[in-house]
Asker: 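Before we start, here is the structure in question, set down as structure tokens.
The figures here come from the full heavy-atom set of this structure, side chains too, leaving out hydrogens, waters and symmetry mates. Naming convention: chains lettered A, B, ... in sequence-line order (proteins, then strands); numbering from 1 in each chain.
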2 protein chains.
Amino acid sequence: MTATIYDVAKRAGVGIGTVSRALNESTQIKPDTKARVLRAIHDLKYQPHALAQGLARKKTHMIAIIVPVFTGYFYLELLKGIQKEAAKNNYDLLLYSVDEGDRTEAFLKRTLSESRVDGVLLVSLKMSDKYAEQFQQSRFPIVLVDSLHSDLDSLTVENREGAYLATSHLISLGHKKIGMVDAQLKSAPAQVRLDGYKKALVDHGLPFNDAYLVITHDLTEKDGFNREAGYESMQQLIAMGEDRPTAVFIASDIQAAGAIQAIHESRLRIPEDVSIVGFDDIEMAEYLSLSTMHQPLFEMGQTAIQRLIDRMNDSELPVIRQRFHTKLVIRKSCGSQVPGMNL
Amino acid sequence: MTATIYDVAKRAGVGIGTVSRALNESTQIKPDTKARVLRAIHDLKYQPHALAQGLARKKTHMIAIIVPVFTGYFYLELLKGIQKEAAKNNYDLLLYSVDEGDRTEAFLKRTLSESRVDGVLLVSLKMSDKYAEQFQQSRFPIVLVDSLHSDLDSLTVENREGAYLATSHLISLGHKKIGMVDAQLKSAPAQVRLDGYKKALVDHGLPFNDAYLVITHDLTEKDGFNREAGYESMQQLIAMGEDRPTAVFIASDIQAAGAIQAIHESRLRIPEDVSIVGFDDIEMAEYLSLSTMHQPLFEMGQTAIQRLIDRMNDSELPVIRQRFHTKLVIRKSCGSQVPGMNL
DNA sequence: CCTGTTTATGGAAGCCCTTCCACATAAAGA
DNA sequence: TCTTTATGTGGAAGGGCTTCCATAAACAGG
């Protein structure tokens, strides 16, 4: 069927070693021999067998990427960056998408011992100490994206800073009663965004009001970063009546989408009655005219691959933690609280 | 480092063949021998080397999926279905995303000869006759999704039917002047959707008016399924003034998003001044209150994998072409043309 | 022209499996 | 008890590549 290196060798009248050298840019080959081999390769439409090559080289040129079952643009943008950079460096992407909680570990385990890939990108998923140690000890290249572990390379967004900026923006518009809708605190980003929110209040001399903080108590396995959670949380705030906050910082755009729906259903207006700021800047945010914190996802994806490649080339690199800054994107979902100052 | 089958054999005091049998559910092994081997495997944390296995078995248990650089929910939903079904059947997904035009062929070529994967899913990309023939001759399993070639398995959406239904819906609401915004006709779906639109007009005794058909003349390499194209196309229709259509069928939701923007900017109202129906039912459609044709993408993804697996098991299967039906999802973007009958 | 280098080349060994064949052992039949 | 058959088992061969080592060819220098 398909030609092997032996066929090429025979046709070119050389040994298999020479064929290999012709293919692998070795300097140890005479130019005209190389030309002859390349000609034979061309004639036979020969293409090296990826698996055999991988087996011999102990390199597969594949990168596994483990993501939570993709819900939304968040992962799309990231994937684009990852994909582009991987392609540029001739790496193929093996995509694992995890739905149930502990499948992550199963994937990590396989990854670690099957030698199917040269490295792993773990996205938005928690890295257990146990596996972190295994990866570290085995020097198996891994980079965490939007996730954190002190022993491993990680790229995260400045969630605290982002939340701080978002909240500060609302404060700067004159709001005094500023609420927050958050996801479950077992999620690190949710935790940290809450911190940023609190800090912004404190720094500007505003009290932190427990009643203004609504955290999804999603009974399912989810983390609360979804529309339904945002919808319900906002309903809860609205139910406070006149005491309700005049502005709300919402931990993710997708929750904000649900929140907006809840607000509209209550016949309240945005931003006249309630101002909101989201987080993520997913594509939909633009359609919702939602002010939000933009994350440089594409760039993070690219950087993640670069870092992974660096680490594959040198496993002794010191562990880094790279933080990416968010940027406030102002749209129409927040206005000044002072009457008459509205847009 | 990691244990090989030889280590396991030695530890269990058996031959390597026996270890292999213990792993591969062979009946040719005594239960207690098997137990002993499995014990050794457990002790050594042995895991077969995927590449070596692939090389020996001539099977990689990987499927390549080639998609246009993912823009939007269209691919997300499809990917979810693909991913889920692949995981269920223990196949790994190798993701290739194509941006520039002819990279597709490069991927197909590699796929065909590198033996890296057991099968290919080609999504929304044109299959050239040349490669179609190569795939067919080599009996290399491939399934086309949202793409078509007579010699290969393909799953498509009933684009004509969908366009027909969308247009008919507008007609049933009383509209007489119905326009269409389409993408470039070099794209098969665009072509076929236009046919459906025309047929609906004709079947209902309405004339086809050339001026009401706007086809993006995108100068870039794109096919016109994007927001900017929709925006400009709609501006063109609006520029007709009072002669403009009262309803427009738009070939994709993403174009519809652009069109809606254009409509709003012209101070026209939806659906009072212009009714629109889109195509795809991407997540955003709900937020835009856009009536549109829903495609069963998740299901298509699943089916695609199933079909691919079937074909991998039996390359002699007759070529099939499976069509999926679309469904009209009514939201608020279309109203009756007759004054007073509006919502 | 010969010796010492340098450069080029062939092909065995190794990567880690599966599979097949030969052989051993146990069970069954006579 | 001795065949015959069924059942288990070991390990060579093979899958297609890279790499290394030994050897051959080319090139200098004297």
Asker: Bend angle of the helix from dC1(C)-dG30(D) to dA30(C)-dT1(D) from five-pair axes at both ends, rounded to 10°?
Answerer: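 About 40° separates the two local helix axes.
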Asker: How many Å lie between NZ on Lys59(A) and P on dT19(D), as a whole number?
Answerer: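 It works out to 12 Å between those atoms.
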Asker: Below 4.5 Å, heavy atoms only, C-beta onward: do Phe324(A) and Thr303(A) meet side chain to side chain?
Answerer: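 Result yes, sub-4.5 Å side-chain heavy-atom pair found.
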Asker: Take the protein atom CD of Gln28(A) and the nucleotide atom P of dT19(D), then report the distance between them rounded to whole Å.
Answerer: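 About 13 Å, once rounded to whole Å.
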Asker: Is any NZ, NE, NH1 or NH2 atom of the basic residue among Asp118(A) and Arg311(A) found under 4.0 Å from an Asp or Glu carboxylate oxygen of the other?
Answerer: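 No, this pair does not count.
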Asker: What is the separation between atom NZ on Lys34(B) and atom P on dG10(D), rounded to the nearest whole Å?
Answerer: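 Rounding to the nearest Å, NZ of Lys34(B) and P of dG10(D) are 16 Å apart.
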Asker: For dT9(C) and Thr33(A) - does any side-chain N or O of the residue sit under 4.0 Å from the phosphate oxygens OP1/OP2?
Answerer: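 True: Thr33(A) side-chain N/O within range (under 4.0 Å) of dT9(C) OP1/OP2.
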Asker: Among Ile305(A), Asn89(A), Leu94(A), find the residue that satisfies the side-chain contact (heavy atoms from CB on, under 4.5 Å) test when tested with Ile63(A).
Answerer: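 Going through the options one by one, the only one that passes is Ile305(A).
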Asker: Would you compute the distance between atom CG of Leu51(B) and atom OG1 of Thr60(B) and round it to the nearest 0.5 angstrom?
Answerer: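 Here the interatomic distance stands at 9.5 Å.
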Asker: Do Arg139(B) and Asp314(B) meet the salt-bridge criterion of a basic N to acidic O distance under 4.0 Å?
Answerer: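 Looking at Asp314(B) and Arg139(B), the cut-off is not met.
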Asker: If each of Gly15(B) and Leu51(B) is mapped to the nucleotide of DNA chain D with the nearest heavy atom, which maps nearer the 5' terminus, i.e. the 5' end?
Answerer: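 The answer here is Gly15(B).
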Asker: At 4.0 Å (heavy atoms only), tell me whether Thr27(B) reaches a base, stays on the sugar-phosphate, or touches nothing.
Answerer: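 The answer is sugar-phosphate, as Thr27(B) gets under 4.0 Å only of primed atoms, P, OP1 or OP2.
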Asker: Answer whether the closest heavy-atom distance between the side chains of Phe107(A) and Val98(A) falls below 4.5 Å.
Answerer: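 In short, these two side chains touch, coming nearer than 4.5 Å.
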Asker: Verify, without hydrogens or angle tests, whether Thr2(B) (side chain) and Ser113(A) (backbone) share a donor-acceptor contact under 3.5 angstrom.
Answerer: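 Judged by distance alone, no pair lies under 3.5 Å.
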Asker: Less than 4.0 angstrom from a charged side-chain N to a carboxylate O is my criterion; do Asp153(B) and Arg321(B) meet it?
Answerer: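 Looking at Arg321(B) together with Asp153(B), the answer is no, because their closest N to O distance does not fall below 4.0 Å.
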Asker: Measure the distance from CD1 on Ile29(A) to C1' on dG10(C) and round it to the nearest whole Å.
Answerer: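 Distance check: Ile29(A) CD1 to dG10(C) C1' gives 12 Å.
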Asker: Send over the distance from Arg116(A) CZ to dC15(C) C1', rounded to a whole Å.
Answerer: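 Atom-to-atom, Arg116(A) to dC15(C), this comes out as 17 Å.
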Asker: Where along nucleotides 16-23 of chain C does protein come under 4.0 Å, by heavy atom, of base (B) or sugar-phosphate alone (S), with - for untouched nucleotides?
Answerer: BBBBB---
Asker: How many angstroms lie between atom OH of Tyr75(A) and atom CD1 of Ile82(A), to the nearest 0.5 angstrom?
Answerer: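 That separation rounds to 10.5 Å.
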